[in-house]
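Only heavy atoms go into these numbers, but all of them, side chains included; no hydrogens, no water, no symmetry mates. If you're wondering where the values come from, they're calculated on a predicted model, not measured in any experiment. Residue numbers start from 1 in every chain, and the chains themselves are labelled A, B, ... in the order their sequence lines are given, proteins ahead of strands.
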Amino acid sequence: MAKNFTTRKENYAQWYNELVIKADLAENSAVRGCMVIKPNGYAIWEKMQSVLDRMFKETGHVNAYFPLFIPKSFFSREADHVEGFAKECAVVTHYRLKSAPDGKGIVVDNDARLEEELIIRPTSETIIWDTYKNWIQSYRDLPLLINQWANVVRWEMRTRLFLRTAEFLWQEGHTAHETKKEALEETEKILALYAGFAEQWMAIPVLRGLKSPNERFAGAVETYCIEALMQDGKALQAGTSHFLGQNFAKAFDVKFLTRENKQEYVWATSWGVSTRLMGALIMAHSDDHGLVIPPKLAHTQVVIVPIYKNKEQLDQISGKALQIKEALQAKGITVKYDDRDTHKPGWKFSEYEFKGVPVRLALGPRDMENNTIEIARRDTLEKQIRPAGTIAGEVERVLEDIQKNLYTKALAFREANSHKVDSWEAFKNILDDKGGFIYAHWDGTAETEQKIKEETRATIRVIPLDAEPEEGKCVYSGKPSAGRVVFARAY
RNA sequence: CGGGGUGUAGCGCAGCCCGGUUAGCGCGCGUCGUUCGGGACGACGAGGCCGGGAGUUCAAAUCUCCCCACCCCGACCA
């Protein structure tokens with residue numbers, strides 16, 4: 001057990017905050033609401049980026065980069081969009097500073113006021129659609145499948161490292177299509193891609209579905225999302241994929257000539273995942289001993305710790321440790337051999353455990369004598385003494401097993417915390433008792449959703465895509481319902 | 001942005017009510033020695049404009065006001 005570390009049971013929110021700080025993932029910065037992502041945290045994000053980037057490219061997308069600043073007038077072009085983001089935009093009004101008249105410090109030069117203020121992008125639809133207008137003339141220019149990796153700013157009142165920060169990193173895909181059908185297919189394709197990434201790489205099972213109108217992206221016709229369940233029973237939206245219809249094409253006048261030589265507005269999608277995925281990853285798997293990272297996203301998958309009394313012993317052990325390191329690297333496994341003399345083995349054990357390194361190998365005098373090695377896995381904290389000769393193959397299998405085990409555990413947790421509920425009493429009781437996903441009937445109205453939110457703080461997380469139609473009565477209003485939706489309290 | 005709380009060494013805290021020696025304690029940090037299979041032990045040592053600013057006072061970590069940051073609870077949101 002790590003020293004001075006709050007357990008999940010004691011205080012889940014505090015456990016998360018301490019974990020992020022103590023595992024050196026990120027910290028608060030001098031700027032309110034903005035975080036510094038530290039090397040340990042950034043390495044995981046980089047790994048996520050590289051996997052997602054490859055997936056985007058494999059599905060025909062290319063990367064580009066659009067400006068950080070957006071002219072204010074662009075924002076007002078799409079009514080829902082501006083309304084959705086207006087309250088959280090940072091605005092640039094001046095372009096110059098000058099020395100203060102009293103000689104102390106520096107002030108904004110009021111003579112350098114911008115004629116048109118610039119918004120720091122909270123998302124890039126407007127600047128991108130203004131640009132696409134010039135790129136699209138004919139159906140031959142379609143589809144346009146572009147992604148960008150960028151930072152965005154949303155001026156949040158209440159922030160938490162990774163989960164909600166004023167500035168965050170993300171990717172945003174923006175595509176243009178000839179037909180509605182094609183755009184819808186793109187939206188669904190990306191949703192599947194996100195779900196696959198969450199499940200196969202992050203080892204987090206996700207629900208796939210549609211957002212209710214209340215939760216829909218400002219400016220979208222339909223928002224698809226993947227939704228994950230955290231260990232405290234709260235839901236976390238892990239990725240969104242929007243079908244934008246022709247809303248932005250109309251707002252920015254993006255028309256193309258069809259095969260029939262007719263002018264038509266293009267069909268659009270946009271989709272994104274952010275550094276919030278880091279929060280999901282941390283909260284899905286970690287425990288009271290610290291961080292747990294699925295092997296496929298760990299920057300260091302294996303650490304080797306030597307145990308020795310003197311230099312001769314260390315030299316002998318190092319020889320063997322380096323052989324094992326090479327054998328592991330030959331299998332594509334990332335390994336760190338920690339022969340620092342400045343920390344003791346026990347200290348290193350605790351440290352790597354807390355930082356979530358999936359597999360630890362320990363090699364000491366006893367192992368040298370018996371030709372063995374100790375292998376410890378982070379997910380179950382099990383330790384075993386194994387023959388040293390075949391350890392590389394064994395580590396490879398253990399890493400695969402950890403990846404699988406984390407997913408299985410997370411899935412079992414979700415299943416144990418998903419409930420079909422038909423009465424309003426039960427609905428409230430489950431929420432207050434243990435949280436989780438609640439499958440309940442809903443009459444389909446925004447009013448009911450709002451009322452439920454006001455009374456319980458729970459919202460509709462998804463309208464599941466694969467749900468079987470089921471006649472029922474709304475859990476709140478008693479009015480007829482065509483199927484169950486998923487409620488939860490959410491991050 | 002509303003309500004509550006907290007800012008004292010890198011981290012965790014005591015001191016503050018009731019103003020007055022040189023501001024303490026634990027962990028961590030440095031040197032040396034003994035240790036090394038789950039966060040070792042001893043000796044010596046370094047480290048503070050007491051969150052920032054303004055006031056009250058002979059005197060402020062301590063009292064008053066303003067600001068800033070963080071945490072919790074709401075509203076808003078990925």
Side-chain angles (χ1 to χ4, degrees), chain A residues 1-6 11-14 16-18 21-22 27-35 83-89 122-123 152-172 194 211 214-218 223 225-228 235-242 270-280 289-290 305-311 313-314 317 339-355 360-370 372-376 381 383 385 453-454 457 459 461 490-491:
Chain A
M1 174 80 66
K3 283 181 183 173
N4 306 320
F5 184 47
T6 305
N11 187 334
Y12 191 84
Q14 195 180 335
Y16 174 82
N17 291 338
E18 284 181 17
I21 300 286
K22 292 187 176 179
E27 62 187 36
N28 285 302
S29 70
V31 184
R32 183 194 187 112
C34 294
M35 63 180 163
E83 199 186 324
F85 286 104
K87 284 168 298 196
E88 49 187 23
C89 285
T123 179
V152 289
V153 168
R154 296 180 189 175
W155 211 262
E156 298 292 346
M157 290 301 148
R158 198 172 154 188
T159 59
R160 287 186 78 189
L161 294 172
F162 291 121
L163 296 173
R164 173 164 295 110
T165 47
E167 178 193 18
F168 57 90
L169 306 183
W170 78 345
Q171 58 69 216
E172 47 181 326
Y194 284 159
K211 282 296 185 195
N214 273 351
E215 301 278 323
R216 195 180 283 154
F217 175 73
T223 288
C225 70
I226 54 170
E227 200 79 18
L236 188 136
Q237 179 176 301
T240 48
S241 182
H242 313 291
S270 69
W271 29 272
V273 295
S274 72
T275 36
R276 187 178 228 207
L277 288 180
M278 293 287 296
H289 299 265
V305 177
I307 296 154
Y308 58 94
K309 290 196 199 302
N310 52 52
K311 176 105 175 33
Q313 242 174 25
L314 174 61
I317 290 168
D339 62 349
R340 286 177 301 171
D341 194 31
T342 51
H343 296 283
K344 297 183 52 183
W347 189 92
K348 293 177 187 173
F349 290 176
S350 301
E351 183 72 3
Y352 290 115
E353 186 170 289
F354 195 83
K355 295 198 169 156
R360 182 190 75 230
L361 298 174
L363 200 54
R366 282 210 300 272
D367 295 305
M368 297 304 284
E369 232 169 79
N370 305 329
T372 56
I373 190 162
E374 184 189 84
I375 176 168
L381 298 170
K383 285 194 292 197
I385 307 290
K453 185 178 175 184
E454 280 163 17
R457 285 176 23 241
T459 49
R461 302 319 303 158
Y491 277 95

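- Within the nucleic acid shown, A:Arg360 comes within 4.0 Å of at least one base atom, counting heavy atoms only.
- The distance between atom CZ of A:Phe5 and atom P of B:G38, rounded to the nearest whole Å, is 22 Å.
- Among the protein residues, A:Leu236 comes within range of no part of the nucleic acid, since none of its heavy atoms lies under 4.0 Å from any strand.
- At a threshold of 4.0 angstrom between heavy atoms, the contacts of A:Thr165 include nucleobase atoms, whether or not backbone atoms are also involved.
- At whole-Å resolution of the value, NZ in A:Lys383 and P in B:G37 are 11 Å apart.
- The number of heavy atoms from other shown groups lying within 6.0 Å of CZ (A:Arg340) is above 12.
- Between A:Glu88 and A:Lys309, the one whose closest nucleotide on RNA chain B sits nearer the 5' end is A:Lys309.
- With salt bridges taken as basic N to acidic carboxylate O contacts below 4.0 Å, one links A:Glu374 and A:Arg360.
- In this structure, A:Gln171 and A:Val273 have side chains that are in contact, with non-hydrogen atoms separated by less than 4.5 Å.
- With B:G37, B:C71, B:G74 as the candidates, the nucleotide lying closest to the side chain of A:Asp367 is B:G37.
- B:A23 and B:A61 have their C1' atoms separated by 8 Å, given to the nearest Å.
- Taking 4.0 angstrom as the limit, A:Asn310 places none of its side-chain polar atoms (N or O) nearer than this to OP1 or OP2 of B:U35.
- Within the nucleic acid shown, A:Gly33 comes within 4.0 Å of sugar-phosphate atoms alone, with no base atom in reach, counting heavy atoms only.
- Ion pairing between A:Glu227 and A:Lys211 holds under the 4.0 Å rule for side-chain N and carboxylate O.
- Nearest nucleotide to the side chain of A:Glu156, out of B:C70, B:C76, B:G37: B:C76.
- Candidate nucleotides B:A40, B:G74, B:G39 were compared by shortest atom distance to the side chain of A:Lys344, and B:A40 ranks first.
- If you check B:A75, B:C77, B:C36 against the side chain of A:Pro345, the one that comes closest is B:C36.
- Residues passing the ring pair (Phe, Tyr, Trp, His ring centres under 6.0 Å) test with A:Trp170 are A:Phe168, sequence neighbours excluded.
- Of the candidate nucleotides B:G37, B:C70, B:C76, B:C76 has the atom nearest to the side chain of A:Lys87.
- Atom pair A:Arg366:CZ and B:G38:C1' shows a separation of 13 Å (rounding to whole Å applied).
- Residue A:Arg32 places its side chain closer to B:A69 than to any other of B:A69, B:C36, B:G39.
- In this structure, A:Gln14 places its CD atom 11 Å from P of B:G12, rounding to the nearest Å.
- For A:Ile307, counting side-chain heavy atoms from C-beta on, the closest listed nucleotide (B:C72, B:G37, B:C77) is B:G37.
- When heavy atoms are screened at a 4.0 angstrom cut-off, A:Ala13 is found touching the sugar-phosphate backbone but no base atom.
- A straight line from NZ of A:Lys22 to P of B:C27 spans 16 Å, rounded to a whole angstrom.
- Annotation: B:G24 and B:C49 have their P atoms spaced 15 Å apart (nearest Å).
- Between B:C77, B:G38, B:G74, one nucleotide has an atom nearer to the side chain of A:Arg158 than all others, and that is B:G74.
- In terms of position along RNA chain B, the nucleotide closest to A:Asn28 lies nearer the 5' end than the nucleotide closest to the other residue of the pair A:Glu167 and A:Asn28.
- The distance between atom CH2 of A:Trp347 and atom P of B:C29, rounded to the nearest whole Å, is 8 Å.
- Nearest to the side-chain atoms of A:Lys453 among the listed nucleotides B:C72, B:C70, B:C76 stands B:C76.
- In this structure, A:Phe168 reaches the bases: a heavy-atom distance under 4.0 Å links it to at least one base atom across the strands shown.
- The gap from the C1' atom of B:U31 to that of B:C73 amounts to 49 Å, rounded to the nearest Å.
- Residue A:Leu314 contributes atom CG, which lies 11 Å from atom C1' of B:C36 at whole-angstrom precision.
- Here A:Met35 contributes atom CE and A:Arg160 contributes atom CZ; the two are 12.5 Å apart, rounded to the nearest 0.5 Å.
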